[in-house]
**Student:** 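I have a structure here, written as structure tokens, and I will follow up with some questions on it.
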Amino acid sequence: MTSASAAAWSPGSWRGFPAAQQVEYADAGVLAHTLDDIAQLPPLVTSWEVEALRGELARAARGEAFLLQGGDCAESFDDCSSGPIAAKLKILLQMSLVLVHGARKPVIRVGRIAGQYAKPRSADVETRGDVTLPAYRGDLINRDGFTAAERAPDPSLMLRAYERAGLTLNFIRALVDGGFADLHHPEQWDMSFAKDSPHAAQYERIVESIRDALDFVGAITGTHSELLRRVDIYTSHEALALPYEQAQTRQVPRRAGYYNLSTHFPWIGMRTAQLGGAHVEFHRGLVNPIGIKVGPAMTREWLTGLLDALDPDHTPGRITLIARMGAAHVTAKLPAMIDAARATGRTVLWVCDPMHGNGETLANGVKTRRFDNIVSELEQSFAVHAAHGSHLGGVHIELTGENVTECIGGARGLTEADLERAYKSRVDPRLNYEQALEIAMRIARHLREVAR
Ligand code: PEP
Ligand code: CO
């Protein structure tokens, strides 16, 4: 195969490369028609928002801002309704406030939201009893019911996913424009159902002290402080289903290059980061900032090859490396990755995903993660970066704004027995509202120490 970077790129050039994690659609005609539809429809995000985010990520890479990226492992079509969306926005805003307070820096808020509908799977099939069917790959690809009809890839789901992403984004933009993030609206900043949380008092103090600071600035300058009335929320998802991503990739007036306007911030997952593979080929031609998951199997040569293919011009803010090593491996594996990236001469943004290396399956088959392992990977990551003259510039977390019971531990001490109470995720277990806020406080404490 010719080297990816040497050949001409087009939105469809990935089709000449081996593509992992893709599906076959039974009816090529329906597929082509659906993709044409999606390509005609307006973009979900705009190029100037994408440019703004890349600028902010460049600041984070230089240590001048901190990235909070979070949301569901997989969004589901059923959850595209006001309650879950508002709850997710609320927890992201609340976490970001806690992080601003700890870091004394701007926090860039990016949701795994408005398009996180396709999932890579370790196994292509799922067996129950004596029935084996294709694996569920996210609502954009197939349905999670266990029948052959539901598991068959259905092109119309791509259109449904595009529409639901649009509806989600519309609601988020309306909430934010309407003052959802205004610190003077206490109902948005209350700890909702978790008022009796062990962390409520600390959280209230943080909100109060920021409110005071804003009022103080307002009094001095004689203006009602707009500082936290309007915030930016960006979207991200794993750009996995390449036909869908290609359909939203286009040129825009008065700018060079191609933008994937299905999201501000696509990332390449661990299972699709092969050098010479279709996902790397597709992403290399996009102008968007790009995330790359870095797992324990990543080598120096592989990482260097990815950086050279995806960021030949050393563009500030272009590359975010999302390390997901696991608490047991991060201290051993991360240093070589930090060195390898630095040796290329690039200033990349390093982020810790403390979720995906810490999954475990209980004896009863339930997938969970332990809060302590999540915290441990975060703490080790801060320490490794500090010891290697680098800095951790962000976190990537699977969470929900709801009161689910999917991860074990946290201040309320959720146990294995609690998991069955409110386990909703169809894929990976997420931190619930209270656990997510607790993680933000732990991270804020570290950022405070680094800032001293
Ligand atoms: C994910 O972020 O949901 C995911 C599948 O991650 P990874 O590619 O790191 O396994
Ligand atoms: Co996940």
Side-chain angles (χ1 to χ4, degrees), residues 19-22 67-76 79 88 110-124 135-141 144 161 235-242 245 263 265-275 277-280 282-283 290-298 302-303 306 310 319-330 333-334 337 350-361 366-370 373-374 377-378 381 394-400 404 406-407 423-432 435-436 439:
Q21 301 279 340
Q22 304 302 292
L67 172 67
L68 169 64
Q69 188 175 17
D72 296 308
C73 181
E75 291 179 275
S76 75
D79 273 353
K88 232 174 287 172
V110 178
R112 289 174 62 114
I113 201 164
Q116 174 54 17
Y117 290 121
K119 295 308 297 174
R121 302 313 304 250
S122 305
D124 285 339
Y136 166 64
R137 290 179 176 274
D139 284 0
L140 183 142
I141 302 292
D144 80 328
T235 65
S236 67
H237 65 247
E238 177 172 352
L240 181 70
L242 293 175
E245 302 296 331
T263 187
F265 189 18
W267 79 82
I268 302 179
M270 194 187 70
R271 291 164 191 77
T272 51
Q274 301 83 6
L275 280 173
H279 290 79
V280 172
F282 174 70
H283 284 84
I290 291 168
I292 308 171
K293 291 290 197 92
V294 177
M298 182 68 74
W302 185 0
L303 184 59
L306 287 171
L310 293 165
I319 300 285
T320 298
L321 296 177
I322 307 166
R324 33 88 80 227
M325 300 293 186
H329 304 291
V330 63
K333 299 275 183 181
L334 188 55
M337 298 298 107
W350 277 105
V351 167
C352 173
D353 164 359
M355 312 301 292
H356 288 90
N358 292 313
E360 56 186 275
T361 305
V366 172
K367 287 209 301 186
T368 191
R369 293 161 171 156
R370 290 175 200 273
N373 290 336
I374 293 168
E377 180 160 359
L378 279 167
S381 299
V395 290
H396 180 116
I397 292 178
E398 285 184 348
L399 54 82
T400 165
V404 301
E406 298 171 4
C407 292
Y423 198 106
K424 292 201 197 145
S425 177
R426 287 185 259 169
V427 273
D428 293 339
R430 304 158 294 178
L431 296 180
N432 64 22
Q435 291 168 327
I439 277 284

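These numbers come from the heavy atoms of this one structure, side chains and all, not from hydrogens, waters or symmetry mates. Each ligand, and each atom within it, is numbered from 1 in the order the structure gives.
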**Student:** Using a strict cut-off of less than 4.0 Å between a Lys/Arg side-chain nitrogen and an Asp/Glu carboxylate oxygen, indicate whether Arg426 and Asp139 qualify as a salt bridge.
**Tutor:** yes
**Student:** Keeping Glu377 on the side-chain end and Arg324 on the backbone end, is there a donor-acceptor pair under 3.5 Å?
**Tutor:** no
**Student:** Strictly below 4.0 Å, N to O, side chains only: are Arg112 and Asp72 in salt-bridge contact?
**Tutor:** no
**Student:** Protein N/O/S atoms under 2.8 Å from the Co ion (ligand 2): how many?
**Tutor:** 4
**Student:** Would you say Thr235's side chain and Thr263's backbone share a donor-acceptor pair under 3.5 angstrom?
**Tutor:** no
**Student:** With a 4.0 Å cut-off, would you call Arg430 and Glu398 a salt bridge?
**Tutor:** no
**Student:** Assert yes or no for the condition that the ring centre distance of Trp267 to His396 is strictly below 6.0 Å.
**Tutor:** yes
**Student:** What are the polar N/O contacts of ligand 1 with the protein below 3.5 Å, with distances?
**Tutor:**
from	atom 1	to	atom 2	distance (Å)
ligand 1	2 (O)	Arg112	NH1	2.9
ligand 1	2 (O)	Arg112	NH2	3.3
ligand 1	2 (O)	Lys293	NZ	2.7
ligand 1	2 (O)	His356	NE2	3.3
ligand 1	3 (O)	Arg112	NH2	2.9
ligand 1	3 (O)	Lys119	NZ	2.7
ligand 1	3 (O)	His356	NE2	2.9
ligand 1	3 (O)	Glu398	OE2	3.1
ligand 1	6 (O)	Lys293	NZ	2.8
ligand 1	8 (O)	Met270	N	2.8
ligand 1	9 (O)	Lys293	NZ	2.9
ligand 1	9 (O)	Arg324	NE	2.6
ligand 1	10 (O)	Arg271	NH1	2.8
ligand 1	10 (O)	Arg324	NH2	2.9

**Student:** Can any side-chain N or O of His329 pair as donor or acceptor with the backbone N or O of Met325 at less than 3.5 Å?
**Tutor:** no
**Student:** Could Asp144 and Arg137 be called an ion pair, given the rule that one side-chain N must be under 4.0 Å from one carboxylate O?
**Tutor:** no
**Student:** Before accepting this row, confirm whether a basic side-chain N of the pair Arg369/Glu360 lies closer than 4.0 Å to the acidic partner's carboxylate O.
**Tutor:** no
